[in-house]
Amino acid sequence: MNPLVEGIHRFLQNHILSTKISQSNISHHDTLIDGLPKRYTIYKPLLLLPVNVFTSPQPWAELYSSLDNSQRQLLYESIAASFSKSGVTHVALNAPIAVMNSVGTENRMRSPVGLVPLHGDFGPILDPDSTPDDRDFKEALWVQTVQNGGIVQCWAPLYTMFSRGNITEKARILGQGNRFAGLDESSLNGQDVGEISVVDLYAGIGYFVFSYLKRGVKRVWGWELNAWSVEGLRRGCLQNGWRCKVVPLNAQGELKGGYEDMVNEITDDDRIIIFHGDNRLAAQILGNIQPLLEEKGSWAAIRHVNQGLLPTSQPTWETSLRILDRDAGGWAHVHENVDVNEIDMKSAEIVQEYERFGYMKAVNMTIACDYVERVKTYAPGVMHCVYDIHVEFDKQTWPYK
Ligand SMILES: C[S@@+](CC[C@H](N)C(=O)[O-])C[C@H]1O[C@@H](n2cnc3c(N)ncnc32)[C@H](O)[C@@H]1O
């Protein structure tokens with residue numbers, strides 16, 4: 001039997017059917033059992049139930065709404081128990097990630113504010129906008145999953161989103177899926193993947209960062225606003241065996257300390273440098289670091305800039321041009337939610353906008369959309385797409401600044 005159905009069924013038998021209400025008093029008993037929800041996700045040790053698990057179908061919804069709090073706790077316990085073999089100790093109700101929060105401002109950190117803990121100790125429930133300290137990190141529930149042939153990702157489900165649907169985009173970066181130019185010798189014009197670096201302007205817990213690292217790039221420079229995601233990324237790096245350095249930024253997105261000190265601490269073993277803060281000064285920060293690392297012989301040309309913000313990554317398109325290597329150029333990976341009927345039109349729009357940036361700065365560039373990956377359906381009629389924008393600078397007119 002499906003373990004979710006089994007957990008509910010066992011609860012009904014032990015606490016409902018055998019006590020107050022007899023089996024015959026529950027109308028359509030067989031229909032009720034047949035229609036019990038079956039879908040779930042496990043991110044060990046958490047069982048995530050879909051948002052409609054207690055509201056559909058009708059007979060089950062009616063029965064659930066008649067349960068008092070203590071009966072509901074018994075139900076959640078019974079569900080957790082039927083998943084114990086899979087290592088489940090906690091249960092929560094999932095919710096879609098809201099782009100806006102309850103006070104009408106943008107949920108910039110994409111915090112899963114709608115997730116409802118049902119069973120197990122999730123630690124103190126903190127305001128997602130507050131700044132967590134080490135104790136908060138220690139007390140929180142952390143979950144993990146292994147994807148794409150062994151990459152571990154860790155996150156605190158109350159404070160950080162996780163999207164399973166991005167697995168195909170990760171596979172593409174790993175060279176296990178659809179076309180992805182710029183990570184093999186032929187599309188890098190003879191350069192080895194271990195000699196290039198990548199920037200992820202919306203690093204999260206390392207969703208795409210880890211795929212680039214596993215593919216063998218020398219280093220990833222990441223930006224991430226959410227302290228919980230930065231900590232998840234740090235923990236994930238430890239588990240995967242990659243050295244990671246976290247660099248705090250101030251509220252304006254500037255480095256808190258000096259550049260020389262920071263650069264002196266970087267060694268070739270640091271595979272990811274994650275800036276904790278806003279990416280608005282990313283190009284300027286990298287522009288300051290580059291000559292210092294070049295002096296140490298430790299700079300690797302930035303050939304990819306990942307921009308994984310939905311519904312649109314437009315705020316960083318211009319930044320990506322300022323970051324890509326001026327000699328060799330590279331690829332800007334533009335994530336967008338697009339009307340399924342306008343996917344090609346969007347590609348032309350993005351290319352035009354990149355060309356306009358060049359025109360404004362009097363820099364000649366060759367811009368082309370190499371490929372469009374349809375990652376997943378985001379909502380009915382809306383597709384999460386990644387546009388691979390190939391950029392080459394004309395050496396007569398660069399640098400683009
Ligand atoms: C949608 S999530 C990224 C998830 C991942 N790329 C994916 O598609 O699954 C966007 C991330 O960007 C971060 N973020 C949003 N605006 C940012 C900014 N201006 N600077 C740095 N990070 C930002 C959020 O905290 C969040 O973790």
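Predicted model, so just to flag it, every value in this text is computed and none were measured.
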Open item on the list: Pair Leu188, Leu183 - check side chain to side chain contact (heavy atoms under 4.5 Å, CB included), show working.
Closed with: CA-CA 7 Å; Leu188 284 170; Leu183 291 175; 5.5 Å; no
Applying side chain to side chain contact (heavy atoms under 4.5 Å, CB included), run through Arg235 and Leu238 and close with a yes or a no. CA-CA 5 Å; Arg235 290 176 181 224; Leu238 279 180; 5.5 Å; no
Could you walk me through whether Phe208 and Asn166 pass the side chain to side chain contact (heavy atoms under 4.5 Å, CB included) test, one step at a time?
CA-CA 9 Å; Phe208 303 120; Asn166 289 330; 3.9 Å; yes
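Dense packing is recorded around CG of Asp133, with more than 12 heavy atoms of other residues, nucleotides or ligands lying under 6.0 Å away. The environment of Gln252 atom CD is dense: over 12 non-hydrogen atoms of other residues, nucleotides or ligands sit within 6.0 angstrom. Within 6.0 Å of atom OH in Tyr359, 12 or fewer heavy atoms from other residues, nucleotides or ligands are found, so the atom counts as exposed in its surroundings. Heavy atoms of other residues, nucleotides or ligands lying less than 6.0 angstrom from CZ of Arg39 number 12 at most. Atom CE of Met360 has 12 or fewer neighbouring heavy atoms from other residues, nucleotides or ligands inside a 6.0 Å radius. In Lys44, the NZ atom is not crowded: 12 or fewer heavy atoms of neighbouring residues, nucleotides or ligands sit closer than 6.0 Å.
In terms of heavy-atom proximity, Ile389 sits nearest to Cys369 at CD1-CB, 3.9 Å.
Between Trp155 and Tyr43, the ring-plane angle classifies as perpendicular under the 30° and 60° cut-offs. Relative ring orientation between His304 and Tyr212 is described as tilted, the plane-to-plane angle lying within the 30° to 60° band. Phe357 and Tyr354 have perpendicular rings, their planes meeting at more than 60° on a 0 to 90° scale where under 30° would count as parallel. The aromatic rings of His384 and His335 sit tilted relative to each other, their planes meeting at an angle between 30° and 60°.
Checking Thr41, Ile205, Val143 one by one against Phe162, the side chain to side chain contact (heavy atoms under 4.5 Å, CB included) holds for a single residue, Ile205. If you run side chain to side chain contact (heavy atoms under 4.5 Å, CB included) between Ile302 and each of Ile196, Val198, Leu286, only Leu286 comes through.
Salt-bridge annotation for Asp339 and Lys346: absent, with no side-chain N of the basic residue lying under 4.0 Å from a carboxylate O of the acidic one. Salt-bridge annotation for Glu318 and Lys361: present, with a side-chain N of the basic residue lying under 4.0 Å from a carboxylate O of the acidic one.
For the pair Glu169/Tyr207, no side-chain contact is recorded, criterion being any heavy-atom separation below 4.5 Å from C-beta on.
Centroid-to-centroid, the aromatic rings of Phe210 and Trp242 come within less than 6.0 Å.
When only modelled atom types and interatomic distance are considered, Ser313 and Trp317 share a side-chain donor-acceptor pair under 3.5 Å. Remark: the Glu62 side chain and the Gln58 side chain contain an N/O donor-acceptor pair separated by less than 3.5 Å. In this structure, a donor-acceptor pair under 3.5 Å is present between the side chains of Asp184 and Ser186.
Counting only residues at least two apart or on different chains, no salt bridge (charged side-chain N to carboxylate O under 4.0 Å, His left out) pair has a member in residues 290-316.
At least one donor-acceptor pair closer than 3.5 Å links the side chain of Arg72 to the backbone N or O of Tyr64. Asn279 contributes a side-chain N or O that, together with a main-chain N or O of Leu201, makes up a donor-acceptor pair within less than 3.5 Å.
Asn148 contributes atom CG, which lies 5.5 Å from atom CG of Leu174 (distance to the nearest 0.5 angstrom).
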